There are 2 protein chains.
Amino acid sequence: MKDIWKKFDETEPSHSSIHHLMAVYHLHKKNGYARGIDIANYLNITRGSVSITLTKLRDKNYLTEDENKFYHLTEQGQQLVNSALSKRHIVKRFFSEVLQLPAEVAELDACKIEHLLSNETGEKLICFMGYYLSEKPEVLNFRLGFRQFKYQCQSVAECRLCESDCFFSGKEISKTG
Amino acid sequence: MKDIWKKFDETEPSHSSIHHLMAVYHLHKKNGYARGIDIANYLNITRGSVSITLTKLRDKNYLTEDENKFYHLTEQGQQLVNSALSKRHIVKRFFSEVLQLPAEVAELDACKIEHLLSNETGEKLICFMGYYLSEKPEVLNFRLGFRQFKYQCQSVAECRLCESDCFFSGKEISKTG
DNA sequence: AACTTTTGTTTTATTAATAAAACATTGAAT
DNA sequence: ATTCAATGTTTTATTAATAAAACAAAAGTT
């Protein structure tokens, strides 16, 4: 594929837009409605910015505006929100429960990448977590072994994981820190 | 933490800038030098854009420009490149070897998120992959079990993984597709 | 009814990343 | 030395996301 690196910016809708939609979702859940001012406060940006962004999102059919200027997600908008939130949730659990990252790091990293991951990746990760969190004996043994495992990346030559110039080489890497 | 969602845009340096630095790295490796035109061709953008971006990166001490307009990564720039490439590499391996995603999806998703993941996350993932790829018996059993595992997200109520409105609920999710 | 506050919209401006085109420099070929 | 091609820089313009401020409308208070 040509210019893979450019795909980063071609995400449609953008990170910002998805967070506008998620704001509508959360405000509905919490208050039963979502107006421009509520979204602005929730996202901590100005009313003007929200007005501009929501107009675009309305034109793209991610939400509707009723007579009272209340916003409602369309089916399409709701799906986007569900997909982003589901990915965030499962990624966060993977980060904190499998990788044992601190909650804040797990939360932050998950939020940053949620909308960039394909749905396919989200699905596979759910499948993996379903297995990892099961009480199957082979899983319990695996988790036990991991708790005691330390990975020491001795040198680039010996490391089975990295390419040359590995940023992490030479560092002691353990599950707990 | 306030405004976690805004951290996405506050990544310093940006996705684009990191790819400029990676271009310098790859071109040096391949040709022994990196000029503006080479970077422009490599990234498939104009010379003018490269000139502007590289001037900024030079001012921020990520690279230097010699008398012949050849660019060289500084220690700081090289570290950024190493950290991004290492994370991309290990994420890609996790996606394809653990989650069993097709190579193209693994590559694309890894490229999108590489620079957004914290170094801490990169480290932990390397540790996990070191364990997962080891030949320890408990790992082999785990992998065997996973190969046969199917996760069926029956309903939101029963699902141990999701929150309400899970995007993936009701779908049959298996390791192979 | 007049005033004030709240909310929404529009306009002007900024920043980053880009393109495109004009401009500048350099170096090689004739 | 003149010309031409390659390369680098600057300028102008665009797009997305924002702020800030001006403006508009609606809604509540007195």
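Residue numbers start from 1 in every chain, and the chains themselves are labelled A, B, ... in the order their sequence lines are given, proteins ahead of strands. Not measured: the values here are computed from a predicted model. Computed over heavy atoms, backbone and side chain alike; hydrogens, waters and symmetry mates excluded.
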Worksheet item: Hey, what else clusters with B:Leu140 if you join Ile, Leu, Val, Met, Phe, Trp, Tyr whenever side-chain heavy atoms sit under 4.5 Å?
Response: none
Practice prompt. Run through the side-chain heavy atoms of Ile, Leu, Val, Met, Phe, Trp and Tyr, join any pair under 4.5 Å, and report what else lands in A:Tyr33's cluster.
Written response: A:Phe70
Set of salt bridge (Lys or Arg N to Asp or Glu O under 4.0 Å) partners for [X], sequence neighbours left out:
X	result
B:Arg47	none
A:Lys60	A:Glu12
A:Glu138	none

Worksheet entry | B:Asn61 side chain to B:Thr74 side chain, donor-acceptor N/O pair below 3.5 angstrom | no
Worksheet item: Tell me, for nucleotides 10-22 of chain C in 5' to 3' order, what letter each nucleotide earns: B for a base near a protein heavy atom under 4.0 Å, S for only sugar-phosphate near one, - for neither?
Response: B------SSB---
Worksheet item: If you fit an axis to the five pairs at each end of the helix from C:dA1-D:dT30 to C:dT30-D:dA1, how big is the angle between those two axes, to 10 degrees?
Response: 20°
Discussion item. Please enumerate all residues that pass ring-ring contact (aromatic ring centres under 6.0 Å, His included) together with A:His20, with sequence neighbours excluded.
Written reply: none
Fill in: Residues in ring-ring contact (aromatic ring centres under 6.0 Å, His included) contact with A:Tyr62, at least two apart in sequence or another chain
none
Worksheet item: What parts of residues 108-119 of chain A reach DNA chain D, counting only heavy atoms under 4.0 Å away?
Response: none
Distance-only criterion, 3.5 Å: show the donor-acceptor pairs between side-chain atoms of residues 49-58 of chain B and protein atoms not counting sequence neighbours.
| from | atom 1 | to | atom 2 | distance (Å) |
| --- | --- | --- | --- | --- |
| B:Ser49 | OG | B:Thr46 | OG1 | 3.0 |
| B:Thr53 | OG1 | B:Ser49 | O | 3.1 |
| B:Thr55 | OG1 | B:Ser51 | O | 2.7 |
| B:Arg58 | NE | B:Glu65 | OE1 | 2.9 |
| B:Arg58 | NH2 | B:Glu65 | OE1 | 3.3 |

Worksheet item: Can you list every pair that meets ring-ring contact (aromatic ring centres under 6.0 Å, His included) and has a residue in residues 78-97 of chain A, with sequence neighbours left out?
Response: A:Phe94-B:Phe94
